[in-house]
Amino acid sequence: MKQRDGSQLAISVVAYGFIGFFALICFIPFWLVYIGSFTAEHQIVKGFQMFPTEFSFDSYRFLFNGSQVYRSAFVSIFVTVVGTIGAVLLTSMFSYVTAHQKVKYRNALSFYIYFTMLFAPGLVGYYLLISNWLSLRDSLLALILPHMFSAFNAFLMTSYFRTLPFELNEAATMDGAHELYIFYRIIWPISMPVIATITLFYALSYWNDWFNALMFIDNPENHPLQMMLRRIISNSQNLDYLSANINIPVSATGIQLSTVVITIGPIIFLYPFLQRYFIKGMTIGAVKG
């Protein structure tokens with residue numbers, strides 16, 4: 001018995017040591033970016049340091065002195081909030097229909113959506129649809145509508161809804177409740193784990209999107225933060241794009257690092273609020289019983 005306890009303890013120590021070492025390797029790049037954004041200009045040009053001796057807020061002063069960062073932040077927040085709310089509502093309603101036992105064409109609807117997971121429409125047709133046929137160029141709808149529905153997220157929600165007892169629907173129907181009431185007052189509250197998971201997926205998708213902005217947004221006033229970051233990194237000499245005071249002495253690397261921190265900062269705060277639902281929502285539909 002003691003030998004077994006000793007072997008289990010050794011395995012635990014090795015496993016935790018490996019996980020801790022791997023987590024440290026993943027943390028170091030984030031730390032270098034974060035601490036580099038507060039490093040003085042003459043130290044940044046010499047290279048990255050884990051613990052610099054001189055700090056400076058010039059990069060952040062330069063960014064916030066201009067107007068582009070405020071416009072881009074507003075666009076990113078607006079697109080993420082509006083798009084995530086609409087996407088979660090649309091995906092949850094579709095998934096509830098495909099999981100409902102009394103919907104006649106639920107299998108056909110499921111196949112129609114899941115077919116898109118196997119065969120993508122192609123970039124040319126996608127561009128023509130958004131830019132020419134829908135005339136959404138330079139519109140925020142061009143950033144919202146393409147991510148409004150995800151077949152993978154619908155698959156997760158459908159799997160979850162199928163694990164719920166159908167007797168809940170039957171009992172509510174016998175009491176005179178209609179389908180909208182059943183969905184929003186009965187099914188929705190008990191589905192918070194998967195809803196929180198899908199919300200996080202959609203929020204990350206909207207917040208990190210830069211490709212749609214690259215294709216459809218020409219007006220800098222409608223650039224999200226990710227597009228602003230890409231433009232700064234791709235052309236580090238074009239700092240006048242930020243509409244900031246160029247007299248502040250900063251390096252292009254410092255501007256890039258501080259922009260990365262500003263870009264990834266807000267979305268990180270979502271995790272503490274959704275973490276308790278996240279793992280449960282990902283695994284609850286995997287095994288019945």
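Starting from 1, each residue takes its place in the sequence as its number.
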Open item on the list: Once rounded to the nearest 0.5 Å, what's the spacing between atom CZ of Arg137 and atom OG of Ser135?
Closed with: 11.0 Å
TODO: For Asp138, check salt bridge (charged side-chain N to carboxylate O under 4.0 Å, His left out) against everything at least two apart and list the hits.
DONE: none
Task: Contact list for residues 190-217, test salt bridge (Lys or Arg N to Asp or Glu O under 4.0 Å), sequence neighbours left out - done: none
Task: All pairs passing side chain to side chain donor-acceptor pair (under 3.5 Å) where residues 181-195 contributes a residue, at least two apart - done: none
Open item on the list: If you define the side chain from C-beta out and look only at heavy atoms, does anything of Thr158 sit under 4.5 Å from Arg162?
Closed with: yes
I'd like a table of donor-acceptor pairs (distance under 3.5 Å, sequence neighbours excluded) in which one partner is a side-chain atom from residues 73-92, with atom names and distances.
unit_1 : atom_1 : unit_2 : atom_2 : d
Ser76  : OG     : Ser72  : O      : 3.2
Ser76  : OG     : Leu225 : N      : 2.7
Thr80  : OG1    : Ser76  : O      : 2.7
Thr84  : OG1    : Thr80  : O      : 2.5
Thr91  : OG1    : Ala87  : O      : 2.7
Thr91  : OG1    : Tyr202 : OH     : 2.6
Ser92  : OG     : Val88  : O      : 2.7
Ser92  : OG     : Leu89  : O      : 3.0

Open item on the list: Count I, L, V, M, F, W, Y as connected when their side-chain heavy atoms are under 4.5 Å apart, and connections chain through other members. Are Leu180 and Phe183 then in the same cluster?
Closed with: yes
Open item on the list: I need the full list of salt bridge (Lys or Arg N to Asp or Glu O under 4.0 Å) pairs touching residues 113-134, with sequence neighbours left out, sorted by first then second residue.
Closed with: none
TODO: Quick one: which residue pairs count as a salt bridge (Lys or Arg N to Asp or Glu O under 4.0 Å) with a foot in residues 76-89, not counting sequence neighbours?
DONE: none
Open item on the list: Could you report the tightest heavy-atom contact between Ala154 and Tyr114, atom names first, then the distance?
Closed with: O-OH, 3.9 Å
Open item on the list: Among Phe62, Phe64, Phe38, exactly one meets ring pair (Phe, Tyr, Trp, His ring centres under 6.0 Å) together with Phe57. Which residue is that?
Closed with: Phe38
Task: Heavy-atom pair with the smallest gap, counting every atom of Leu123 and Phe211 - done: CD1-CE2, 3.9 Å
Open item on the list: Testing the basics here: between Leu229 and Gln256, what is the closest heavy-atom pair and its distance to 0.1 Å?
Closed with: CD1-O, 4.0 Å
Task: Within residues 191-206 or reaching into it, pairs that qualify as salt bridge (Lys or Arg N to Asp or Glu O under 4.0 Å) - sequence neighbours excluded - done: none
Task: Minimum heavy-atom distance between Val261 and Ser37, given as atom pair plus value - done: CG2-OG, 3.7 Å
Open item on the list: Taking ring pair (Phe, Tyr, Trp, His ring centres under 6.0 Å) as the definition, give me every residue that meets it alongside Phe161, ordered by chain and number, with sequence neighbours left out.
Closed with: none
TODO: Output the rest of the hydrophobic cluster of Met174: all Ile, Leu, Val, Met, Phe, Trp and Tyr residues reachable through side-chain heavy-atom contacts under 4.5 Å, sorted by chain and number.
DONE: none
Which atom pairs, donor and acceptor, lie under 3.5 Å between side-chain atoms of residues 20-34 and protein residues at least two apart or in another chain?
unit_1 : atom_1 : unit_2 : atom_2 : d
Trp31  : NE1    : Met50  : O      : 2.8

Task: Results of side-chain hydrogen bond (donor to acceptor under 3.5 Å, both in side chains) for Ser95 - residues two or more places apart only - done: none
Task: Taking every non-hydrogen atom, the tightest pair across Ala142 and Phe216 - done: CB-CB, 3.9 Å
Task: Side chains of Tyr206 and Asn212, donor plus acceptor under 3.5 Å - done: no
- [ ] Heavy atoms only: give me the nearest Ser139-Ile217 pair and the separation to one decimal.
- [x] O-CD1, 3.5 Å
Under 3.5 Å, sequence neighbours excluded: what are the donor-acceptor pairs made by side chains of residues 102-110?
unit_1 : atom_1 : unit_2 : atom_2 : d
Arg106 : NH1    : Gln101 : O      : 2.9
Arg106 : NH1    : Val103 : O      : 3.0
Ser110 : OG     : Arg106 : O      : 2.9

